[in-house]
Amino acid sequence: MTEARPHSPATSGPLPPSLQFGDQGRLRHLLTIEGLSRPLITEILDTAESFLGVNAQTVKKVPLLRGKTVMNLFFEASTRTRTTFELAAKRLSADVLNINISTSATVKGESLLDTLRNLEAMLVDMFVVRHADSGAAHFIARHVAPHVSVLNAGDGRHAHPTQALLDMFTIRHHKGDFSALRVAIVGDILHSRVARSQIHALNVLGAGEVRVIAPRTLLPVSVEELGVHVFHDIRAGLKDVDVIIMLRLQRERMDSGLLPSEHEFYQLWGLNEERLALAAPEAIVMHPGPANRGVEIDSRVADGPQSVILKQVTYGIAVRMAVMSMIMGGSVNQGASQ
Amino acid sequence: MKLLIEQGRVIDPHQGLDDVVDLFIEKEQIVALGVAPEGFTPDRRIDARGRWVLPGLVDLAARLREPGFENKATIASETRAAASAGITTLICPPDTDPPVDSPAQIELIHRRAKQACGVRVHPLGALTEGLQGGQLAEMAALKRAGALGASQGLKPLDSHVLLRRALEYAASHEITVFLHPIDRSLAAGGCAHEGSVATRLGLTGIPEAAETASLGVILALVAQTGARIHLCRLSTARGAALVARARQDGLPVTADVCAHQLFLTEMDVADFNSVCHVVPPLRTARDREGLRQALTDGTISAICSDHQPHEADAKLAPFPATQAGMSTLETLLPLTLRLAEEGVLPLMEAIRRVTTTPASIMGLPTGTLAPDARADITLVDPARVYSPSADNWLSAGRNSPFFGWEFQGRVTHTLAAGRVIFESRT
């Protein structure tokens, strides 16, 4: 039997990188980590490093995006992520608008595209989008006017690229060279856009080993194909790792039969001091927040010396400044170092 | 009206005929092949030299969207598209709005079809009232009104007891039941094949087991009741293997596949391409090969379009929020001929799967070019290349993933009941 010959533009391989890139390969939208090269990710992290200095100054502003308008378009509630995007944009001197769509237009039956067209007409330069549907940021990027950029702030279970980048920043900052590192991601991988983006980023950056630790019910099928080793036993999974990333466990998972109880999850997959001791001596503990203490992580670990959870939040602003300025600004480094 | 189709290559799977012969038509019927009946003087001649003369296609599953969804398409628009694609008989699922659960609905659809271009339209009747999955529909009355079978469409029928009763009741009236093997709870919330692509894109998957588990239940009930059923839109290799075994065991079961499942895979949704959002979902390359194998060995005997035209807005949303379905009437024959090109089926066998076989599944006397048959005929110029595009597309639904593909062979004429209902301009 012959293989089908689809002579078709419709039949594509993996995600076409072109949607994220504009003229001369410049980053135009940031939708997913997939398709980003190691040099590009490294450039983003380097740029963020320079913004870290800005954030430490008393006057925390640079004029890179003066006159530009950034719209935080959140179709799903979030305080933390929206706030860091807002701060990042303001520190770049952009005008910022926050729109919470979950409670406005779409409820009235307006389509996403209509909403978008209306907001576009307000001459926005960048949409920072969060949406409950996987692929929402791609959809918006495909339909925005040519001068508008889209920054994915989380779409369904698909991607949360800036979170992954700030996590890479954190790991690099504390651990240096990725090739020597064992990284374990623990918990609800199935529903996690963060985990998917982290896995791609770690693999692009050449991490020594990426592990996921969870029961089968919280792992998507064929997760190994993303480039991870699967562990169901947290003790085996944490052995000698250099980085532990805990994921938030949503309480509604218990209702859908994925887990018997929070109690059992904590017993089997929660991170406590005893389990942390199985990791490499200087291992760092990360969490994208907000953490459920006593469900996926013990307070003594979350607040302990190996935890870098609050640093992640600080770095998040610098990383988001870097991404925004690279997408909208162009030449970034000289501006950032003034 | 007397019509002569001259010197075409007549391919009729029903008669096992593949020969260059003249075909004589009088009024609505084919009256002779090869030798003219005595005193036959044609009013019109169609020069078919170099063309293939095929029975008009019978499509087992086409949603025409009328009544209820005229913003997507109408009986008039879709029968015109069908005619241009060589399809002369359309079987329609009952999931219109209101659903086809009363004789009045069947009459309405028949009447609209009569006012249209001449393609036959046969609705299936609802299996349950309002397709609600609660009470049985009046299947006998629907059959008397012209329903050629009973179906639940894609609406759930959660109780096994109700399915058993429905099969038994349908069997008492010799009604074939058309079932989609999809387990609702296993498929819940899914919009893509549960596999590596859905994992990467973060899409909720529809697992293979949604099909195989449902097939297990259906086949057990067929064995129990002896009811005659037809399985709609197989999508997995394992599902096809279950059907093969059931057929070996002598169960009265037939099955179809839609043409796009034989060419596309989960990879086609890999950039959130909402045109490729279909139910059942596009599966793996291994499933595609398994379905082709099942077609070759006869486990799957018919190919249909599973035509589901949509207005543009239905596909303009993030992938999970888009409506499922493709507009596929116009690619049914091209894809079927492609199967022959690729050696999956010999040409006559490929044609059988869209003509004679679906006609026999429906109990219709069409799908053949034998003398006395109704003159439903499709002429194809095998030398011409057809590339579907927004410019030459007739269906109101432009949601086709095949725009830009190139197909060998183009329909030049379509006849329904002896009347030319489509003729290509060039």
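Every chain is numbered from 1, with letters handed out A, B, ... down the list of sequences.
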Centres of the B:F319 and A:H138 rings: under 6.0 Å? no
Walk me through it: do A:E225 and B:R200 pass the test salt bridge (Lys or Arg N to Asp or Glu O under 4.0 Å)? CA-CA 9 Å; A:E225 289 177 29; B:R200 238 184 51 225; over 6 Å; no
May I ask you to test the B:P318-A:L112 pair for a side-chain heavy-atom distance under 4.5 Å? yes
Quick one: pull up CG in A:D133 and CZ in B:F272 and give me the separation to the nearest 0.5 Å. 10.0 Å
Could you check whether any side-chain heavy atom of B:T199 comes within less than 4.5 Å of a side-chain heavy atom of A:R157, counting everything from C-beta outward? no
B:V197, B:T204, B:V275: which one forms the most heavy-atom pairs within less than 4.5 Å of chain A? B:T204
With a 4.5 angstrom heavy-atom cut-off, could you sort out which part of A:H131 is near chain B: side chain, backbone, both or neither? side chain
Taking side chain as everything from C-beta outward and backbone as N, CA, C, O, which of these in A:R196 sits under 4.5 Å from a heavy atom of chain B? Side chain, backbone, both or neither. side chain
Of the non-hydrogen atoms in B:D271 and A:R142, which two are nearest, and what is the gap between them? O-NH2, 2.8 Å
Does some side-chain heavy atom of A:S134 sit less than 4.5 Å from a side-chain heavy atom of B:L201? no
Within 6.0 angstrom of A:H229 NE2, more than 12 heavy atoms from elsewhere: no
Heavy-atom count around B:R247 CZ within 6.0 Å, excluding the residue itself: above 12? yes
With a 4.5 Å limit on heavy-atom distance, are the side chains of A:H143 and B:L316 in contact? yes
Would one find more than 12 heavy atoms of other residues, nucleotides or ligands at under 6.0 Å from atom CZ of B:R184? yes
